[in-house]
2 protein chains.
Amino acid sequence: MTVSITDVARVAGVSASTVSRALRGRPGVSDEVRAQIAAVAGQLGYTASRSASSLASGRTFTIGVVAPHIGRWFFGTVLDAAETVFSAAGYDVLLYNLGSPEARKRFFTRLPVRKRVDAVLSLLIPDLEEEEALRSLGVPLATTVGGARDGFTVVGIDDHAGATSAVRHLVNLGHRRIGMISGESEPLHWTTPIARRQGYLDVLAEAGITHDPALEADGGYTVEGGERAMTELLAVSRPPTAVFAQSDEMAMGALRALRRHRLRAPDDVSVIGFDDHELAEVVGLTTIAQPVPAQGAEAARLLLRQLDEPVAEPAPTGHVRMPIRLVLRETTAPPSPRSPL
Amino acid sequence: MTVSITDVARVAGVSASTVSRALRGRPGVSDEVRAQIAAVAGQLGYTASRSASSLASGRTFTIGVVAPHIGRWFFGTVLDAAETVFSAAGYDVLLYNLGSPEARKRFFTRLPVRKRVDAVLSLLIPDLEEEEALRSLGVPLATTVGGARDGFTVVGIDDHAGATSAVRHLVNLGHRRIGMISGESEPLHWTTPIARRQGYLDVLAEAGITHDPALEADGGYTVEGGERAMTELLAVSRPPTAVFAQSDEMAMGALRALRRHRLRAPDDVSVIGFDDHELAEVVGLTTIAQPVPAQGAEAARLLLRQLDEPVAEPAPTGHVRMPIRLVLRETTAPPSPRSPL
DNA sequence: AAACTGAACGCAAACGCTTGCGCAACAGCG
DNA sequence: CGCTGTTGCGCAAGCGTTTGCGTTCAGTTT
């Protein structure tokens, strides 16, 4: 039913090995025979069985991508870009969506990518045990989140610098009571919230503003969480006049909370986000932009490069930092003395 | 280096075939031996090579998912839900992101899923040729977009009914000049825009409103397109007092255009979307909600069911329709006589 | 003209599993 | 006590490739 390499060989009047060599551009086949074989293969609609070829060669031409919540904008966008690069290079991608704890545990114990992929791109931060499991795969590893890790090529941004310029922007506008919506409840080893928070603290310090813990609220990196967090911040005795949300999704939740309270941004409180979400422009959100698709693409490219290298390399793990920039839109302004707050 | 089935067999003191049967729960192995083997396998960290086992068995335990733009909310969300179902059932997913024409052509000519997947979930509408290519794979097929197609299990919504209730809502509010932002420039065979447009036309007719072609604009199903389309609509001699956007993304673009023109929704023009995008609530967009994750999950489940069936079935292609509902938020209201329009 | 090249190709052995079949061993039956 | 069934397991033949090695043969060398 499905045509195999021997069928092609028979029709072309050569051996299977020659067909294999011819189709993969390996030397040892004359140009005419090669052309002949290509013609026959095309005509018969032959495609080599990946199972068989990877069994025989050890190469799978497949990349494993593991991510939490592909549904979320950030991960979906990174995945989109990475997949594009991989498939253009002839690699397929095996996707693992590890949103739930069960899925995550299942993945790391059974490790279904073992012997199935040539490399792994991780969009989540593995804990130590998980990290070890990934390393045990013996393939190149890359990630677009978190800080540098042994054996991982990481492509990311300077979270601290991003947070710094966000908060500094608020300070420059004249704000003194600046709140932050963070994501402390995220899994361990997730350094982003920590770095962004530190940026926030550092700017406060440099501006001589004493840090008020009541002005920090947890938004869990979701829209709803951001809304809840903003609501909390509005409930403190002296609410902030500006808020730095560690992600645009949380910032949008914050905007929603403001609307619910009949307050307006930036008239009553300024809001700045982080990420430059696809829809940030739609809601006019001022934010720190990071090149999300570029990060995915770059990570993919670096991974592919490692695969092309003459092996035996001592795992050329690198750390590339992508540029960030402040995008001014309509949710930040100087504090208004007329605000009801 | 990596442990194979024979290693396990040797350690457990049995043959490889017994290990294979034991680990996969096949009959013909006594309980004690089975337990023994399981123990050894666990201890050795053995995982069967997927390549080898699918080569031998023909089963791949992998599902191919092809989608345009996984980065877009709708597809990302469907994918997320579907992947969750698949992986819970022990299947892996091979992802193909066919955003660009080149990627798409490459996929359908080389058909990298051939002999590599047990089923395919398509989130894009194949043209006739592509459809034939998919069918030639000889595996169960499903889709969450478009109308019924031979050999496909389709899970979707009633686009016509959704559009109908959207436009009827506007009519009930008292609007007579109702514009539409559609997506005509999308690829052929994409029935959604057609069905939604028909719903629009039908309601106009039933309300005795004569259809004005100048009130239709193409938004290409993107935010920017929606913004452009709204701008066009505002430029006609007598602009609409309400607009039905065929997707929330376009509706958000429309809102953005309104803001740019110093107009407000719903004060100056009402806007209703379609999909109930994750962020629709954030911007207060009235819309037609469809259960996106549920569609992905359901399609995945139906596909798995076909795989479990005793084969030889005459391709039990079904067509399930998920419920939709009107979600009232803050972008629709009766037409205002005081509007500058 | 004999010996020596490569280049082009075929042979056959993996790769690590699955599975039909055969063969013991043992149970239950008349 | 022989006979027929079961049950539990091993044998070995694939599955469709890739690849090291061997062979053939035309084209150089001496």
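Here the structure is a predicted model, which means the values were calculated and not measured. Numbered from 1 within each chain, the chains take letters A, B, ... in sequence-line order. Side chains included, hydrogens not; waters and symmetry mates left out as well; all remaining heavy atoms used.
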Base versus backbone protein contacts along nucleotides 6-15 of chain D [heavy-atom cut-off under 4.0 Å; B, S, -]: --SBBB--BB

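Around the CZ atom of A:R110, the shell of radius 6.0 Å holds no more than 12 heavy atoms that belong to other residues, nucleotides or ligands. Enclosure of atom CZ in A:R59 by more than 12 non-hydrogen atoms of other residues, nucleotides or ligands within 6.0 angstrom is indicated.
Note: CG (B:L23) to C1' (C:dC17) measures 12 Å, nearest angstrom. Residue A:R50 contributes atom CZ, which lies 13 Å from atom C1' of D:dT17 at whole-angstrom precision. The nearest whole Å value for the distance from the CZ atom in A:R26 to the P atom in D:dT17 is 16 Å. Distance A:I37 CD1 to C:dG10 C1': 12 Å, rounded to the nearest Å. As a whole-Å value, the separation of A:R10 CZ from C:dG10 C1' is 16 Å. As a whole-Å value, the separation of A:Q36 CD from C:dC9 P is 11 Å.
With a 4.5 Å cut-off on side-chain heavy atoms, A:L124 and A:F75 do not count as touching. At least one side-chain heavy atom of B:V320 sits under 4.5 Å from a side-chain heavy atom of B:E298. Using a 4.5 Å heavy-atom threshold, the side chains of A:L123 and A:F74 count as separate. Put simply, the side chain of B:T84 does not reach to within 4.5 Å of the side chain of A:S100, judged on heavy atoms.
At the phosphate of D:dT19, OP1 or OP2 sits under 4.0 Å from a side-chain N or O atom of A:R24. Within the 4.0 Å cut-off from OP1 or OP2 of C:dC17, at least one side-chain nitrogen or oxygen of A:K115 is found.
B:F61 meets the ring pair (Phe, Tyr, Trp, His ring centres under 6.0 Å) test with B:Y91; sequence neighbours excluded.
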B:E102/B:R106 under salt bridge (charged side-chain N to carboxylate O under 4.0 Å, His left out): CA gap, chis, key distance, verdict: CA-CA 6 Å; B:E102 310 86 63; B:R106 194 177 342 118; 6.0 Å; no

Show, in sequence, the C-alpha distance, side-chain angles and deciding distance for A:R50 and B:T62, and conclude whether the side-chain hydrogen bond (donor to acceptor under 3.5 Å, both in side chains) test is met. CA-CA 12 Å; A:R50 279 292 235 275; B:T62 301; over 6 Å; no

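Near DNA chain C, meaning a heavy atom under 4.0 Å away, there are no residues from residues 40-47 of chain A.
The side chain of A:S20 sits closest to D:dT18 out of D:dG16, D:dT18, C:dC17.
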